[in-house]
**Q** 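Just dropping this structure here.
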Amino acid sequence: MEETDLHKPLLPEPQEDVFVDEASPEEEDKQCGAPSRKVRFGLVAFFSIATAVVVFHLFYTSPECRSKMELMATVVMPGVEVSNLHRTAPQYRALEWLACKDPRHMTIDDDATELLERFSLVTFYYSFGGDSWWRKSKYRHDWSRWLTISSHCDWESSWRVTILDFFMSNKHGTLCDADGRVTALKIDHSNMHGGTLPTEIGNLKGLRDLNLGLNELVGPIPSEIGNLQQLTYLHLGVNKLSGPIPSEIGHLQQLDELDLSFNKFSGPIPSEVGHLQQLKHLDLSFNTLSGPIPSEVGHLQQLKHLDLSINTLSGPIPSEVGHLQQLEILEIFNNKFSGPIPSEIGHLQQLMALSFIDNAFSGPIPSEIGHLQQLKSLNLASNKFSGPIPSEIGNLQQLESLNLASNKFSGPIPSEIGHLQQLKSLYLVGNIGLTGTVPVEVGQLESIMQAVFSNTSLTGGLDDLAICKHRESVWWLQADCGGLNPKITCECCTQCCRTDENGNTHTRCDAD
C-alpha cells in the first residue's frame with residue numbers, strides 16, 4: 001500500500017439498491033388465511049340486504065292487510081284510527097295478527113265478544129313480550145302454543161318435565177267456560193321484564209281469576225281493571241308495578257282475594273276498598289303506601305287475612321277494625337302507626353296472629369286483649385307502649401309466642417302469664433321499667449323454649465325455677481346475670497348480659 005493511501009478517509013463501499021416486493025392486500029389475506037376483500041364486501045352486502053328485508057317485513061303492511069285491519073278496528077277498537085297507532089305498539093301488532101295472520105281467519109261477522117277477547121289476549125301477549133316468555137321464564141313454562149292454535153282457550157303453557165311438575169301442576173295460560181268466554185288468565189312466574197298491563201285487560205269481562213304474580217311488570221294498574229266485575233281472584237304480587245292503587249278496584253265486588261304485595265305502589269289505600277265486601281284475603285304489604293287505614297275497611301266483614309306490613313302508613317288504627325270479626329291474621333308491622341290500640345280489638349275473637357312490630361303505638365295494652373282466646377302469636381315489639389302488662393293476657397290459653405320487647409312497660413310481670421301452658425317464646429327484653437322477680441308461675445312453664453328477660457330492672461334468681469331445671473328443652477335463656485353487679489342470678493342462662501357497678505345493662509351478652 002502506498003503511503004498516501006494511509007491518509008485517505010475510509011468511505012463505505014457503494015451498495016446496490018434493494019427493492020422490497022410489497023404483497024398486495026389480496027396476497028396478504030391469502031397469506032393470513034383470511035377472506036379476501038371481495039368476499040368480505042360480499043358478506044357485508046348480504047347481511048345489509050338481509051337486515052333490510054327483515055325490517056321491511058316487520059314494518060311493511062300490505063294494502064290488503066291494512067284494509068282488513070281498518071275494518072277489524074271498527075269492532076275491537078271503535079273510534080281509533082289505525083293510522084294513529086305506532087307500528088310497534090302492541091295494539092297495532094295485535095290488530096295486524098288478528099286481521100292478517102290469525103290461523104282462524106275471523107272476520108267482523110263472527111261473534112263480537114269472542115273477537116274482542118281474542119284481540120285483547122293478543123294485545124296482552126305483545127305488551128308482555130310474549131315471544132320471549134319461554135326464554136326468560138325461571139320456572140320453565142313453554143308459552144310457544146300462544147298464537148299458534150285456533151282456539152284461544154287452548155293458549156296455555158306446558159311444563160317441561162321437572163320436579164316442579166309435582167308441586168305446580170295447575171294449568172297456566174287461558175281458561176274458558178262452556179261458551180268459550182275467557183274466565184281465567186294465569187301467567188305467573190314468567191319473568192315478563194318491563195311488560196305493562198294494557199288497558200285492553202278490561203275487555204275480558206268474564207274473567208274470574210287473574211294471576212300475573214312473580215313477574216317483572218312495571219307501570220300502573222289501568223283503571224279499566226274495574227271492568228272485571230266477575231273477578232274473584234286478583235294476584236299481581238311480586239312485580240314492579242307503581243303509582244296509586246286505582247279507586248276503580250272498588251268495582252270488583254265479587255273479589256275473594258286481592259294480592260298487590262311486593263310492588264312499588266304509593267299514595268293512600270283507596271276508601272273504595274271498603275266496597276269489596278266478599279273479600280277474605282287482602283295483602284298490600286311491601287309497598288310505599290302512605291296515609292291512614294281508611295275507616296271503610298271495617299266493611300270487609302268476611303275478611304280473614306289483612307296484611308299492610310312494610311309501608312309508610314300512619315295514624316291510629318280505626319275503631320272500625322273491630323267489625324272484622326272473621327279476621328284470623330292481622331299484620332301491620334314496619335309502618336308509622338301511632339296512638340293506642342283501640343279497645344274494639346277485643347271483638348276479633350277469631351284472631352290467631354297479631355303483629356304490630358316497629359311502629360309508634362303508645363299507651364297501655366287494653367284489657368280487652370284478653371278476649372282473643374284463639375290467639376297464638378302476639379307481637380307488639382319496638383313501639384312505645386307503657387303501663388303495666390295486663391293480667392288479662394293470662395286468658396290467651398292458645399298463645400305460643402308473646403313478644404313485648406323494646407317498649408316502656410313498667411311494674412311486675414303478671415303471674416297470670418303462668419297460665420299460658422302452650423307458650424314457647426317470651427320476650428320482655430328492653431323494658432327497663434319492669435321490676436320485681438320472674439314469677440314462680442312463669443318459671444314453671446315447661447313449654448318454654450326461648451325466654452329473654454335482659455335489659456330490664458328485674459331481680460332475683462332463676463336457678464330454682466323449672467325453666468332452669470328443664471334446661472334441655474330451653475335453647476335460649478337470656479337475663480342480666482353478667483358483669484360486676486348482676487341483677488339476676490342464673491347459672492343455667494345461655495346468655496348473660498353484663499351490668500356495670502351501677503346496675504346498668506350493657507348491650508354485650510356472653511354465651512354460656
Side-chain angles (χ1 to χ4, degrees), residues 124 127-129 133 136-141 157 164 167-168 170 172 184-198 201 209-223 225 228 231-250 252 255-270 273 276 279-294 297 300 303-314 327-337 353-359 377 379 382:
F124 185 90
S127 293
F128 284 40
W133 289 347
K136 295 178 181 178
S137 177
K138 296 177 181 178
Y139 292 91
R140 303 178 69 79
H141 290 290
S157 74
L164 292 175
F167 298 102
M168 307 176 71
N170 291 333
H172 286 68
L185 185 56
K186 300 180 181 182
I187 311 183
D188 56 322
H189 298 83
S190 294
N191 212 25
M192 295 179 279
H193 180 71
T196 58
L197 272 172
I201 194 70
D209 186 341
L210 177 58
N211 185 353
L212 305 177
L214 289 110
N215 288 294
E216 296 187 30
L217 305 181
V218 299
I221 297 177
S223 59
I225 199 80
L228 309 181
L231 207 61
T232 61
Y233 180 88
L234 176 58
H235 179 23
L236 301 177
V238 197
N239 281 290
K240 298 179 181 179
L241 297 168
S242 59
I245 298 173
S247 60
E248 289 81 3
I249 215 153
L252 311 181
L255 209 58
D256 184 83
E257 183 169 337
L258 174 59
D259 187 347
L260 304 180
S261 63
F262 288 90
N263 279 286
K264 299 180 179 180
F265 292 116
S266 58
I269 299 173
V273 77
L276 309 178
L279 204 62
K280 293 183 177 64
H281 179 106
L282 176 59
D283 191 348
L284 305 179
S285 63
F286 287 87
N287 283 285
T288 56
L289 298 171
S290 58
I293 298 176
V297 79
L300 309 180
L303 202 63
K304 292 180 179 289
H305 184 176
L306 175 59
D307 192 348
L308 306 178
S309 304
I310 311 184
N311 281 283
T312 56
L313 297 165
S314 59
L327 201 63
E328 296 175 357
I329 299 174
L330 175 56
E331 297 177 303
I332 58 173
F333 58 85
N334 284 85
N335 278 285
K336 298 181 179 180
F337 292 116
L354 187 154
S355 180
F356 289 179
I357 312 173
D358 198 11
N359 280 282
S377 175
N379 199 331
S382 300

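We number each residue from 1, following the sequence as shown.
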**Q** Let me confirm one number: the CG-CD1 distance from Leu284 to Ile310, rounded to the nearest 0.5 Å.
**A**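 Going from CG on Leu284 over to CD1 on Ile310, the span is 13.0 Å.
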**Q** In this structure, which one of Ile249, Asp256, Leu228, Asp259 forms a side-chain contact (heavy atoms from CB on, under 4.5 Å) with Leu234?
**A**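 The single option meeting the side-chain contact (heavy atoms from CB on, under 4.5 Å) with Leu234 is Ile249.
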**Q** Describe, in one word, how the ring planes of His305 and His281 are oriented to each other, choosing from parallel (under 30°), tilted (30 to 60°) and perpendicular (over 60°).
**A** perpendicular
**Q** Return the minimal non-hydrogen interatomic distance between Pro270 and Pro294, and the atom names on each side.
**A** O-CG, 4.2 Å
**Q** Can you tell me how far apart CZ (Phe337) and CZ (Phe356) are? Round to the nearest 0.5 Å.
**A** 9.0 Å
**Q** Checking Ile245 against Ile221 for the side chain to side chain contact (heavy atoms under 4.5 Å, CB included) test, could you report, in this order, the C-alpha distance in whole Å, the side-chain angles of both residues, the deciding distance, and whether it holds?
**A** CA-CA 7 Å; Ile245 298 173; Ile221 297 177; 5.5 Å; no
**Q** Which heavy atom in Pro220 sits nearest to a heavy atom in Leu197, and how many Å separate them?
**A** O-CB, 4.4 Å
**Q** List the atom of Asn239, the atom of Leu214, and the distance in Å for their closest heavy-atom pair.
**A** ND2-N, 4.2 Å
**Q** Please evaluate residues Asn335 and Asn359 with respect to the criterion side chain to side chain donor-acceptor pair (under 3.5 Å), reporting the C-alpha separation (whole Å), side-chain torsions for both, the decisive distance (0.1 Å), and the verdict.
**A** CA-CA 5 Å; Asn335 278 285; Asn359 280 282; 4.8 Å; no
**Q** How many angstroms lie between atom CG of Asp188 and atom NE2 of His235, to the nearest 0.5 angstrom?
**A** 6.5 Å
**Q** Which heavy atom of Asn287 sits nearest to which heavy atom of Phe262, and what is that distance?
**A**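 In this case the closest contact between Asn287 and Phe262 is ND2-N, 4.1 Å.
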**Q** Walk me through whether Leu300 and Leu306 qualify under side chain to side chain contact (heavy atoms under 4.5 Å, CB included).
**A** CA-CA 10 Å; Leu300 309 180; Leu306 175 59; over 6 Å; no
**Q** Considering the options Thr232, Leu185, Leu252, which one meets the side-chain contact (heavy atoms from CB on, under 4.5 Å) requirement together with Leu210?
**A**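 Checked Thr232, Leu185, Leu252 against Leu210; only one passes side-chain contact (heavy atoms from CB on, under 4.5 Å): Leu185.
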**Q** Apply the test side chain to side chain contact (heavy atoms under 4.5 Å, CB included) to residues Val218 and Thr196: give CA-CA distance (whole Å), side-chain angles for both, the deciding distance (0.1 Å), then the verdict.
**A** CA-CA 5 Å; Val218 299; Thr196 58; 3.7 Å; yes
**Q** Indicate yes or no for a side-chain donor-acceptor contact from Thr288 to the backbone of Phe265 under 3.5 Å, with no hydrogens or angles considered.
**A** yes
**Q** Enumerate the salt bridge (charged side-chain N to carboxylate O under 4.0 Å, His left out) contacts for residues 281-292, please, sequence neighbours excluded, ordered by first and then second residue.
**A** none
**Q** Quick one: list whatever passes side-chain contact (heavy atoms from CB on, under 4.5 Å) with Pro198, sequence neighbours left out.
**A**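 Thr123, Phe124, Ser127, Phe128, Glu200.
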**Q** Rounded to the nearest 0.5 Å, what separation is found between the OG atom of Ser223 and the CD1 atom of Ile225?
**A** 9.5 Å
**Q** Locate the shortest heavy-atom distance separating Asp209 from Tyr233; write the atom from each residue and the value.
**A** OD1-CD2, 3.1 Å
**Q** What's the spacing between Glu331 CD and Ile357 CD1 if we round to 0.5 Å?
**A** 9.0 Å
**Q** Taking all non-hydrogen atoms of both residues into account, name the closest pair between Leu289 and Pro268 and its distance.
**A** CD2-O, 4.5 Å
**Q** Measuring from Asn311:CG to Ser309:OG, what's the distance to the nearest 0.5 Å?
**A**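 Separation between the atoms: 8.0 Å.
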